[in-house]
Amino acid sequence: MEYPHVAIRGVSKKFGNFKALDQVSLEIAQGSFTTLLGPSGCGKTTLLRSIAGFYQIDEGEILIDGRVMNDVPSHLRNAIMVFQDYALFPHMTIKENITYGLRIRKTPQEEMNRRLEKTVQYLDIGMLLDRMPGQISGGQQQRVALARALIMEPEVLLLDEPLSNLDANLRNAIRAELRQLQQRLRITTIYVTHDQSEALAMSDSIAVLNAGKITQIGTPSEIYYHPSNKFVASFVGTVNFIEGTIVDVDGQTIHAETKGLPILIDREKFDEGTIKSLERSKKVLLVIRPESVKILDQAQKETTNIFQGEVDHYIFEGSNIRYWIRALDSMIIIDMFDPGETGVRNGMVRFRLDPSKVHLIAI
Ligand SMILES: Nc1ncnc2c1ncn2[C@@H]1O[C@H](COP(=O)(O)OP(=O)(O)OP(=O)(O)O)[C@@H](O)[C@H]1O
Ligand SMILES: [Mg+2]
């Protein structure tokens, strides 16, 4: 990475005897959108608050622009946090809310007006300025909370689940807007969510946290297609896990088997370290996304990686049908896209695992 804008090095934070953050290290590139993703209670807010300077950390260092921040008070860090509940001041107008931080800093009127105009224009909230927080919608409050942070022109923007109070449609719309705004302003952003689809859609980089530790850092596609452990695989998207045994590895193909049946996996996308670790008889977990399995028509002639199972149940989701199929002594989830009105299968089906899309995790 180019010189990291924010660097978190070996950070631990305890509440009493409980370790909320355990040796967390993470580097955040200038202008990037980095998401902290993980289940409730894993330490996301604690890490964000530590970066913002609301918590003293017990171990490690937090650097912004190469400067150690551990003893720098929150208001001098140039990192601004937007809270999940927006925390607007109910007795102030929207305009007073947005300019609050600048007024506290005794910013000259002219400069304040210039920044207000710019921010209001970015977020398209000009018509709200004279109202009170109680007189605007949740989505509008969300924008105002963002405006109140952006007007400070922080180097680092810290967002704690800012969209979680919104309905699904609004969340999708603001998600896209927020990402565009971030890219336009090139503002280094650290975003907290427990919503994996939000993380995949918005981020340059995702850090997955579990129980106070970072378990994987990667781009959305690395996290989705190459989860480094079972936790990440099952937390991000839907997966099938099939236990397998390595039989052989040749120039092109990893040969595995499950329940006595052969499974071929393209070796191409695995690094040499992983390939070396795959000695004969090694047990592995095969990780397969529902969309990477294809239900076959009678006519199709593929001969490898074909299995049979019985449809247990399915749900129609519009763009796809999701099937639960009893096969290989477990329940395999398969998505069939664009099924059409007569697309439903019942009874026994044959399906194929795409050898280029089977991922392996050591167990
Ligand atoms: N001030 C505190 N005192 C004691 N324990 C705390 C405090 N703040 C957080 N914790 C605990 O630390 C752990 C991490 O909390 P944190 O708020 O960082 O989780 P989170 O990942 O943000 O979860 P959520 O998705 O639910 O917001 C939790 O087990 C929580 O109960
Ligand atoms: Mg939280």
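Counting starts at 1 for both ligands and their atoms, following the listed order. For clarity, every value in this text was computed on a predicted model and none was experimentally measured.
- Among all protein heavy atoms, the one lying closest to atom 1 (N) of ligand 1 is Phe15 CE2, 3.6 Å.
- The option from Lys19, Lys44, Arg49 that lies nearest to atom 25 (O) of ligand 1, judged by heavy atoms, is Lys44.
- Around the CD atom of Gln23, the shell of radius 6.0 Å holds more than 12 heavy atoms that belong to other residues, nucleotides or ligands.
- Close approach to Glu161 involves these atoms of ligand 1, each under 4.0 Å from a residue heavy atom: 25 (O).
- For atom 30 (C) of ligand 1, no protein heavy-atom neighbour is found at a distance under 4.0 Å.
- Side-chain atoms of Lys357 do not come within 3.5 Å of backbone N or O of Ile288 as any donor-acceptor pair.
- Near Thr46, with a cut-off below 4.0 Å to any heavy atom, the atoms of ligand 1 are 14 (C), 15 (O), 16 (P), 18 (O).
- How far CG of Leu37 is from CD of Gln196: 7.5 Å, rounded to the nearest 0.5 Å.
- Heavy-atom separations between Gly43 and ligand 1 include at least one value shorter than 4.0 Å.
- Criterion: ILVMFWY side-chain heavy atoms under 4.5 Å apart, direct or through other members. Under it, Ile223 and Val24 are not part of a common hydrophobic cluster.
- Taking any N or O of Gly41, backbone or side chain, at least one lies under 3.5 Å from an N or O belonging to ligand 1.
- Considering Ile125, Leu150, Leu146 in turn, Leu150 is the only one that fulfils the side-chain contact (heavy atoms from CB on, under 4.5 Å) rule with Thr119.
- Taking only nitrogen or oxygen atoms, main chain and side chain alike, Ala20 does not reach within less than 3.5 Å of ligand 1.
- Because the distance cut-off is set at 2.8 Å, Thr45 qualifies as a neighbour of the Mg ion (ligand 2) through one of its N, O or S atoms.
- Atoms of ligand 1 lying under 4.0 Å from at least one heavy atom of Thr45, given by number and element, are 17 (O), 18 (O), 20 (P), 22 (O), 27 (O).
- Taken to the nearest 0.5 Å, the CD1 atom of Ile214 stands 10.0 Å off from the SG atom of Cys42.
- For Lys282, the NZ atom sits in a packed shell: over 12 heavy atoms of surrounding residues, nucleotides or ligands are nearer than 6.0 Å.
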